[in-house]
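The structure displayed is predicted, hence computed values, not measured ones.
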Amino acid sequence: MLFRLKPLWLPLLVLAASPALAQPIPVIPAKPLPGPPALEVRPDHVQRYNDCMRLARMEPLRALPAAEKWIAEGGGLGARHCVALAMFQSGKYAQAAAQFEAIARDMGQDRPGLRAELYAQAGQAWMEAGAADRAAAAQSRALELKADDPDLWIDRGLSYAAMQSWPRAISDFDRALRLRQDDIDALVLRAAAWRNARDPGRALIDLNRALAIAPDHTEALLERGFTHLARGSRDAANADFTRVLRLVPAGTPAARRAEAGLANAGAPAPAAPTTPPPGGKR
């Protein structure tokens with residue numbers, strides 16, 4: 001991806017094997033931000049584009065009028081991309097999504113990889129706007145252009161999960177895992193989808209596979225704990241929740257979810273997103 005728009009937690013509760021065990025679906029953490037994409041190639045615009053994108057990530061309210069002024073001066077696609085990022089960073093998610101899509105359309109048939117990234121950014125923005133159906137539509141356009149990108153399959157799988165369309169979510173996570181075997185995040189996401197699809201047995205297979213690769217992966221441990229609860233295995237669930245509490249600081253979202261699992265007292269407190277970096281890449 002050109003950048004990871006919003007990492008960490010998808011702010012929705014999804015159905016679990018018991019309504020009392022509703023759990024959020026995790027989103028892949030951000031990776032370090034890469035260099036600016038090659039959307040603007042004119043030498044006299046490259047530095048302005050780089051500066052505008054940097055400002056959009058750090059101070060979007062300042063960047064937005066500057067980028068709009070640049071558009072009026074003939075800034076082209078680079079200026080419009082800066083506007084879209086500034087809109088996203090300032091919380092104008094639907095407007096940002098529409099702008100990302102418009103840029104991709106206006107590029108015609110050129111540079112399919114870059115157009116795929118723009119549609120993927122639109123999908124992430126639609127998700128932040130609470131429009132999972134529109135996110136999935138944008139991500140489908142991205143996949144038509146770049147079907148070999150596992151991150152795009154994961155993104156669309158998360159959109160389907162937000163719509164509680166578990167078979168389609170599982171299918172997309174399958175595709176991601178065929179492209180990137182033993183991806184722990186994809187395994188945990190598919191396990192959560194299997195659990196919500198009322199098949200905790202298949203969920204447990206994915207989670208055991210993930211934990212064989214990374215024994216201290218807290219999301220995998222949490223998900224396995226709730227999967228054990230769905231199977232009625234209270235002792236096994238308690239062991240996973242207790243292990244999480246040894247691995248994470250007290251008061252963190254993971255700790256609260258583990259405590260809720262141990263207590264088995266209604267739905268746990270929603271996972272509060274920690275402050276994400278201004279942008280990021282998977």
Side-chain angles (χ1 to χ4, degrees), residues 1-8 27-28 30-131 134-146 149 151-152 155-156 159 273 275-282:
M1 307 296 291
L2 299 182
F3 54 86
R4 180 72 175 174
L5 288 177
K6 200 76 165 182
L8 307 172
V27 173
I28 300 167
K31 294 181 182 177
L33 188 70
L39 188 62
E40 184 57 76
V41 296
R42 289 172 290 183
D44 58 327
H45 283 203
V46 169
Q47 187 59 52
R48 188 168 183 180
Y49 174 71
N50 292 348
D51 292 343
C52 189
M53 293 294 281
R54 190 178 304 111
L55 187 62
R57 293 182 183 103
M58 299 178 66
E59 298 183 70
L61 294 179
R62 282 186 58 202
L64 190 55
E68 289 172 340
K69 180 175 181 289
W70 186 22
I71 288 176
E73 295 170 353
L77 295 179
R80 289 170 61 190
H81 192 221
C82 188
V83 165
L85 178 57
M87 285 177 170
F88 181 89
Q89 295 293 100
S90 58
K92 299 177 180 179
Y93 301 123
Q95 297 97 314
Q99 184 71 256
F100 286 130
E101 289 181 328
I103 297 168
R105 286 194 303 270
D106 291 348
M107 290 180 68
Q109 301 302 308
D110 294 336
R111 302 160 79 183
L114 182 53
R115 285 188 287 126
E117 299 287 1
L118 288 162
Y119 279 123
Q121 291 176 0
Q124 292 176 7
W126 282 126
M127 282 294 283
E128 290 294 336
R134 299 190 72 167
Q139 290 150 355
S140 294
R141 294 189 194 99
L143 285 164
E144 290 171 2
L145 297 164
K146 198 178 181 183
D149 186 338
D151 290 328
L152 293 179
D155 277 355
R156 195 176 70 171
S159 297
T275 303
K281 186 179 184 294
R282 307 175 185 282

Can you measure from [atom1] ([X]) to [atom2] ([Y]) and round to the nearest 0.5 angstrom?
X	Y	atom1	atom2	value
E101	Q99	CD	CD	10.5 Å
L64	R62	CG	CZ	12.5 Å
L55	N50	CG	CG	12.5 Å
K69	C52	NZ	SG	11.5 Å

request  = Would you please test E128 and Q124 for side-chain contact (heavy atoms from CB on, under 4.5 Å) and show each step?
outcome  = CA-CA 6 Å; E128 290 294 336; Q124 292 176 7; 5.9 Å; no
query = Between the main-chain N or O of L85 and the side-chain N or O of R57, is there a donor-acceptor pair closer than 3.5 Å?
reply =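 No; zero donor-acceptor contacts below 3.5 Å.
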ask   = Using 4.0 Å as the upper bound for N to carboxylate O, is an ion pair formed by R48 and D51?
value =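 No, this pair does not count.
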Mind checking whether [X] and [Y] have side chains closer than 4.5 Å, heavy atoms only?
X	Y	value
L152	Q139	no
R115	K146	no
Y93	F88	yes

message = Determine whether H81 and L118 satisfy the following criterion, side-chain contact (heavy atoms from CB on, under 4.5 Å), listing intermediate values before the conclusion.
response = CA-CA 9 Å; H81 192 221; L118 288 162; 3.7 Å; yes
Which pair of heavy atoms, one from [X] and one from [Y], lies closest together, and at what distance?
X	Y	answer
A135	G123	CB-O, 3.3 Å
A142	A120	CB-N, 4.0 Å
A129	A94	CB-N, 3.9 Å
A138	A122	CB-CB, 4.1 Å
L145	P112	CB-O, 3.7 Å

message = Tell me if the centroids of the rings in Y119 and F100 come within less than 6.0 Å of each other.
response =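 That pair fails the under 6.0 Å test.
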query = side chain to side chain donor-acceptor pair (under 3.5 Å) with R156: which residues, sequence neighbours excluded?
reply =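 For R156, the residues satisfying side chain to side chain donor-acceptor pair (under 3.5 Å) (neighbours in sequence not counted) are S140, D172.
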